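Everything on this sheet refers to the single structure shown next.
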Amino acid sequence: MSTHELYTKTQVEPNWQIPASGSARFSWEYDEGRDRLLALYQKGKDKQWDGAKRIDWSLEVDPYDPLGTPDEAMTLYGTPHWAKMTDRDRGELRKHYTSWQFSQFLHGEQGAMVCAARIVESAPDMDAKFYSATQTMDEARHAEIYGRFLHEKIGMLYPINDNLQALLGDTLRDSRWDMPYLGMQVLIEGLALAAFGMIRDTTDKPLPKQILAYVMQDEARHVAFGRMALRDYYKQLTDAELREREEFVIEGCYLMRDRLRGVEVLENFGIARKEAEELSEQSEFLTLFRQLLFSRIVPCVKDIGLWGKRLQKAYVDMGVFEMGNSNLDLLMSQDEEIAEQLDRERFAQEEQERVAEVESAIADGA
Ligand SMILES: [Fe+2]
Ligand SMILES: [Fe+2]
């Protein structure tokens with residue numbers, strides 16, 4: 001079914017165009033790649049998987065409770081609005097929130113695909129082009145999977161959030177070749193990864209859990225790539241150039257923290273924007289969620305060498321400064337391990353069922 005029939009808004013532009021700026025670059029050096037980057041490229045090739053096969057799409061999803069979200073985690077919980085709602089209304093609200101959240105994931109994945117393709121085009125070195133080509137494919141698979149989940153299991157999509165779109169636009173309009181890395185690989189992917197992780201670790205529903213665990217396995221490589229490429233490059237930049245990048249990060253972080261919280265959903269339930277913003281601001285759960293959203297960005301930014309005074313101050317202000325000390329490598333290896341563990345469990349279960357089937361067939365025969 002056409003996505004346009006499933007959007008919550010009746011009018012969504014069919015396309016969005018951003019004029020390209022900056023150079024396409026060729027390199028004639030094919031044999032001098034950095035070992036660590038080439039190893040990541042190899043891993044990118046080895047670890048491709050097919051969402052149509054690896055994910056069990058026969059699992060049913062209740063669109064009115066797709067993630068098993070507890071009442072207390074709903075923004076409206078404890079407000080007069082919540083008290084007035086019937087069970088049916090609350091189910092409808094859960095459906096909208098999941099649709100909103102996963103739609104932002106979906107649009108973000110498309111953004112990641114376009115940015116990865118841009119990096120193929122603009123990065124000066126062949127090793128980065130090779131690697132980014134695998135990432136482009138990864139992001140296409142992710143967009144396919146989130147799109148399928150929304151179309152088949154939820155039946156409703158939200159348009160891209162204005163502020164996410166603005167950040168994506170800023171990232172793509174910039175002619176400096178490192179900006180798609182910084183805007184997309186570090187900021188947007190960092191946020192997305194934290195959000196994926198929180199849902200992966202709290203949902204008790206098997207289908208979304210599979211989707212998130214497997215997508216995160218790929219994202220661990222993407223973050224590693226952004227870190228490697230930027231750490232090398234930022235060592236060569238002047239202080240003034242570094243400060244410019246830090247400003248971009250600060251602005252992007254505030255924007256995502258304050259403007260990406262599903263106010264659109266509440267508006268669709270007849271709550272005026274101002275009140276919707278206040279309710280989101282007051283929600284304890286959302287406040288915690290918004291802080292945790294930075295768990296992947298802060299250590300990454302610090303690691304690539306953007307750790308000037310102003311940036312540190314901004315993170316203190318947001319209450320996320322301490323996150324700079326978390327171990328990104330450990331988080332990433334856990335992401336990979338969780339996906340593999342999930343495969344093992346599912347495989348063991350299938351194996352058991354198969355053995356039981358064979359045994360009963362033998363018993364029937366006897
Ligand atoms: Fe992705
Ligand atoms: Fe990614």
Side-chain angles (χ1 to χ4, degrees), residues 37 40-41 43-52 54-55 101-123 128-150 157 160-161 164-165 167-168 171-172 178-200 208-230 252 256 260 293-297 299-301 303-304 328-329 331-336 338-339 342:
L37 246 178
L40 204 59
Y41 168 56
K43 199 170 173 187
K45 288 186 291 177
D46 290 340
K47 299 267 170 170
Q48 294 285 325
W49 48 278
D50 184 352
R54 193 181 187 190
I55 289 167
Q101 179 102 68
F102 279 72
S103 296
Q104 304 318 313
F105 292 167
L106 168 64
H107 304 311
E109 295 289 359
Q110 182 182 178
M113 178 177 72
V114 170
C115 285
R118 172 64 64 84
I119 292 172
V120 173
E121 187 184 31
S122 63
K129 290 179 187 295
F130 279 174
Y131 170 75
S132 213
T134 67
Q135 184 175 336
T136 308
M137 182 59 195
D138 291 346
E139 307 298 9
R141 291 184 296 102
H142 299 170
E144 175 204 335
I145 290 164
Y146 283 124
R148 181 166 176 183
F149 178 71
L150 286 162
L157 282 93
I160 188 168
N161 170 277
L164 178 59
Q165 186 168 18
L167 182 60
L168 203 50
T171 297
L172 280 165
D178 62 306
M179 293 314 269
Y181 286 87
L182 190 58
M184 191 68 224
Q185 308 272 53
V186 176
L187 288 187
I188 299 177
E189 294 233 70
L191 273 182
L193 204 50
F196 294 172
M198 282 185 269
I199 300 174
R200 176 196 64 187
K209 203 182 191 81
Q210 282 179 25
I211 292 175
L212 293 161
Y214 296 149
V215 167
M216 285 185 81
Q217 185 180 21
D218 293 341
E219 301 295 351
R221 291 194 298 278
H222 304 172
V223 174
F225 171 57
R227 284 167 73 198
M228 256 181 239
L230 292 182
M256 294 298 99
L260 203 60
L293 275 182
F294 287 88
S295 59
R296 306 288 176 124
I297 294 182
C300 185
V301 165
D303 179 69
I304 57 177
L328 212 47
D329 290 317
L331 285 171
M332 297 297 155
S333 63
Q334 282 168 349
D335 290 342
E336 294 188 302
I338 288 171
L342 187 60

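One-based numbering, in listed order, for ligands and for the atoms of each. We use all heavy atoms of the structure for the numbers below, so side chains are in, but hydrogens, waters and symmetry mates are not. Because the structure is a prediction, the values reported are computed rather than measured. Numbering of residues begins at 1 and proceeds along the displayed sequence.
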May I ask you to test the Leu187-Thr171 pair for a side-chain heavy-atom distance under 4.5 Å?
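No; the side chains remain at least 4.5 Å from each other.
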
More than 12 non-hydrogen atoms from neighbouring residues, nucleotides or ligands closer than 6.0 Å to CD on Gln110, yes or no?
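Not buried by this count: 12 neighbours or fewer within 6.0 Å.
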
Under the 3.5 angstrom rule, does the side chain of Lys129 hit a backbone N or O of Ala123 as a donor-acceptor pair?
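Pair found, side chain donor or acceptor close to backbone of Ala123.
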
What are the protein N/O/S atoms, named by residue and atom, that sit under 2.8 Å from the Fe ion (ligand 2)?
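Atoms qualifying: Glu139 OE2, Glu189 OE1, Glu189 OE2, Glu219 OE1, His222 ND1.
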
Any residue meeting ring-ring contact (aromatic ring centres under 6.0 Å, His included) with Tyr181, in chain and number order, not counting sequence neighbours:
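In terms of ring-ring contact (aromatic ring centres under 6.0 Å, His included), with neighbours along the sequence ignored, Tyr181 is linked to Trp177, Phe225.
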
What pairs with Phe196 under ring-ring contact (aromatic ring centres under 6.0 Å, His included), at least two apart in sequence or on another chain?
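Counting only residues at least two positions away or on another chain, Phe196 forms a ring-ring contact (aromatic ring centres under 6.0 Å, His included) with Phe105, Tyr146.
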
With sequence neighbours left out, what residues match Arg221 under side chain to side chain donor-acceptor pair (under 3.5 Å)?
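Only Asp138, Asp218 meet the side chain to side chain donor-acceptor pair (under 3.5 Å) criterion with Arg221.
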
